[in-house]
Amino acid sequence: MDVDVAMDVTSVDIELLQLPEVPPFAVDSTPLPVNDLFSQWLSLPDTNRLVKTLLSDDKAGAAPISGSLMNATASPTNSLPSMFKTGNAPPLSPRSMSGSPRFMKLRSGPSSLGSPLKIVSEPVHEVIPKFYFKDGQPAPKELKEQCLCMIDQVFQDRMEGLRVKELKTVTKEISKLPSFFSEALFKKIDVNSTGTVTRNAFINYWVTNHMLTMDTATQIYYILKQPNCNYLTQSDFKPVLRELLITHPGLEFLQSTPEFQERYAETVIYRIFYYINRAGNGHLTLRELKRGDLIAAMQHVDEEEDINKVLRFFCYEHFYVIYCKFWELDTDHDFLIDKENLIRYGNHGLTYRIVDRIFSQVPRKFTCKVEGKMGYEDFVYFMLSEEDKSSEPSLEYWFKCIDLDGNGVMTPNEMRFFYEEQLHRMECMAQEPVLFEDILCQIIDMIGPENQTYITLQDLKGCRLSGSVFNILFNLNKFIAFESRDPFLIRQERENPTLTEWDRFAHREYIRLSMEEDCDDASNGSGDVWDEPHESPF
């Protein structure tokens with residue numbers, strides 16, 4: 001071998017040569033045999049020619065050595081010479097050349113064939129799909145095409161547009177809204193009051209504005225609310241109730257008495273806000289609308305011809321009971337009642353002290369502006385709270401009445417203050433009086449408060465017997481009824497567990513009132529008949 005070739009060979013990086021891997025401890029323990037093998041391999045003619053070729057290519061600036069080596073090793077004619085005879089070579093390791101530590105040094109970029117530990121250590125960049133759409137989520141292509149196809153079918157023979165009555169089919173079949181929303185939807189689209197809704201105007205409002213992809217509660221919210229408002233008011237529901245009164249078969253009989261149509265609509269709205277508007281500020285938010293069951297009740301009333309089967313909000317029998325109760329207390333029929341009127345409610349069941357708390361407007365501010373008077377809306381809130389003390393709005397209403405100092409707890413002294421009048425009434429009625437100490441123990445056992453020295457609103461909401469606590473404190477008739485539970489009523493509650501206390505009360509009262517009206521229509525205005533205690537057989 002020439003001297004210059006020998007000098008070039010000594011400068012070659014050993015890492016570039018495909019040598020069998022030998023453990024470091026083996027090299028250190030037996031250096032002479034390894035050196036002899038390496039010298040023997042370098043002395044082979046094929047090795048001499050390959051090294052000369054690699055050095056020449058490197059000096060001439062040809063392809064990278066690693067690439068040349070890869071090509072040389074991959075080609076049968078340029079393969080490295082073997083020191084073993086043909087057929088006597090041991091099998092090569094299945095490890096990929098690109099995964100060898102020798103070649104990992106030369107790689108600058110990441111590789112999918114590298115170590116799994118290295119892949120884990122590298123940050124994974126996952127594409128997160130867009131989840132916020134300022135103007136609403138766009139409709140999927142299939143849903144949009146299906147909707148447009150249905151719109152074309154409706155408008156194909158009415159290119160000039162649809163009128164209010166003709167939009168009912170679109171409201172129910174395409175928008176999937178209750179049919180009595182057609183007028184509200186029409187006015188929302190026909191902003192210029194042209195009297196018609198064209199195909200393009202409907203597509204622009206329903207599809208382009210992404211109303212198509214909203215849930216039903218959100219759709220109703222945006223249809224009813226006024227511009228630049230983030231809530232619904234009572235007046236926003238009036239167009240919907242007006243159309244319901246005109247179109248629903250179960251309310252046709254009211255069309256000859258417009259004054260009762262108006263009272264019915266008001267009562268339904270008051271009930272909606274009593275149960276749904278938990279903030280009690282008259283501003284119904286989208287969140288409150290979604291959390292309530294109003295949407296389900298609207299869909300139910302749209303499908304059910306018998307309005308009295310829709311117990312939530314829309315039942316006419318419930319309205320009849322509320323209105324008749326108010327009318328019987330309002331002796332001068334000025335549509336206002338005072339303390340003396342209210343004390344007669346429930347056959348004089350309430351105490352004077354609780355009536356004073358109601359008229360002090362502690363549980364709820366009156367909407368009536370006449371001092372010392374309660375209006376119809378205020379009475380609706382009172383009656384719903386009095387007859388269904390299991391509901392959360394009722395518990396909050398009466399809790400504020402008992403909490404005299406407004407510190408958020410009911411103390412024994414506060415409960416004693418209201419029970420003293422109950423105790424006095426029992427003595428006057430020759431009833432066996434029950435001492436407050438015994439009553440307090442009974443209340444604590446019923447509620448099971450976290451702190452037995454006082455009762456919080458959360459304690460009451462967590463107990464099914466909370467309503468009976470308030471009856472004990474200020475309603476003598478219901479207190480006595482609770483102590484002597486009628487087995488028939490208990491069985492009735494078990495047979496219909498889905499009915500609320502209000503549903504059962506309204507049903508009994510409606511039967512009683514209808515029977516009295518059948519007996520003598522003139523007795524409707526008589527206070528003597530209204531005040532007579534009467535236990536319904538149902």
* Asked: Can you list the residues that meet the ring-ring contact (aromatic ring centres under 6.0 Å, His included) rule with Phe314, with sequence neighbours excluded?
  -> none
* Tyr275: ring-ring contact (aromatic ring centres under 6.0 Å, His included) partners, not counting sequence neighbours -> none
* Who are the side-chain contact (heavy atoms from CB on, under 4.5 Å) partners of Cys147, not counting sequence neighbours? -> Ile151, Ile174, Trp206, Val207, Leu212
* Asp157: side-chain contact (heavy atoms from CB on, under 4.5 Å) partners, not counting sequence neighbours -> none
* Asked: What's the shortest heavy-atom distance between Ala184 and Val240, and which atoms?
  -> CB-CG2, 4.5 Å
* Identify which one of Ile447, Leu395, Ile402 satisfies the side-chain contact (heavy atoms from CB on, under 4.5 Å) criterion when paired with Val469. => Ile447
Any side-chain donor-acceptor pair under 3.5 Å between [X] and [Y]?
X: Ser468; Y: Asn471; result: no
X: Tyr274; Y: Ser385; result: yes
X: Asn204; Y: Asn200; result: no

Please check this pair: side chain of [X] against backbone of [Y], looking for a donor-acceptor N/O pair closer than 3.5 Å.
X: Asp503; Y: Thr500; value: yes
X: Asn192; Y: Thr194; value: no
X: Lys339; Y: Ile358; value: no
X: Asn451; Y: Thr453; value: yes

* Does the cation-pi check pass for Lys325 over Phe379, that is, NZ or CZ under 6.0 Å from the six-membered ring centre and within 45° of its axis? -> no
* To do: Answer yes or no on whether Arg353 is positioned over the face of Phe474, meaning its NZ or CZ is under 6.0 Å from the six-membered ring centre and within 45° of the axis.
  => no
Greater than 12 external heavy atoms within 6.0 Å of [X]'s [atom1]:
X: Lys238; atom1: NZ; result: no
X: Glu305; atom1: CD; result: no
X: Lys461; atom1: NZ; result: yes
X: Gln452; atom1: CD; result: no

Under 3.5 Å, sequence neighbours excluded: what are the donor-acceptor pairs made by side chains of residues 360-368?
unit_1 : atom_1 : unit_2 : atom_2 : d
Ser360 : OG     : Arg357 : O      : 2.6
Gln361 : OE1    : Phe366 : N      : 3.1
Arg364 : NH1    : Asp378 : OD1    : 2.9
Arg364 : NH2    : Glu377 : OE2    : 3.1
Thr367 : OG1    : Glu377 : OE1    : 3.4
Thr367 : OG1    : Asp378 : OD1    : 3.3

* pair Glu243-Ser182: side-chain heavy atoms closer than 4.5 Å -> yes
* Asked: Between Gln299 and Lys176, is any pair of side-chain heavy atoms under 4.5 Å apart?
  -> no
If you round to the nearest 0.5 Å, how far is [atom2] of [Y] from [atom1] of [X]?
X: Ile480; Y: Asn475; atom1: CD1; atom2: CG; answer: 9.5 Å
X: Arg312; Y: Ile276; atom1: CZ; atom2: CD1; answer: 6.5 Å
X: Leu284; Y: Tyr221; atom1: CG; atom2: OH; answer: 8.5 Å

* Stepwise ring pair (Phe, Tyr, Trp, His ring centres under 6.0 Å) test for Tyr376 and Phe335 -> CA-CA 7 Å; Tyr376 180 64; Phe335 228 65; 5.5 Å; yes
* Asked: Going through the distances and angles, do Ser394 and Asp388 end up as a side-chain hydrogen bond (donor to acceptor under 3.5 Å, both in side chains)?
  -> CA-CA 7 Å; Ser394 175; Asp388 187 6; over 6 Å; no
* Asked: Less than 4.0 Å between a side-chain N and a carboxylate O, is that true for Glu421 and Arg425?
  -> no
* Asked: Which pairs with one or both residues in residues 240-265 pass ring-ring contact (aromatic ring centres under 6.0 Å, His included), sequence neighbours excluded?
  -> Phe253-Tyr316, Phe260-Tyr323, Tyr264-Phe319
* **side-chain hydrogen bond (donor to acceptor under 3.5 Å, both in side chains) between Tyr320 and Ser514, intermediate numbers included** => CA-CA 10 Å; Tyr320 185 85; Ser514 60; over 6 Å; no
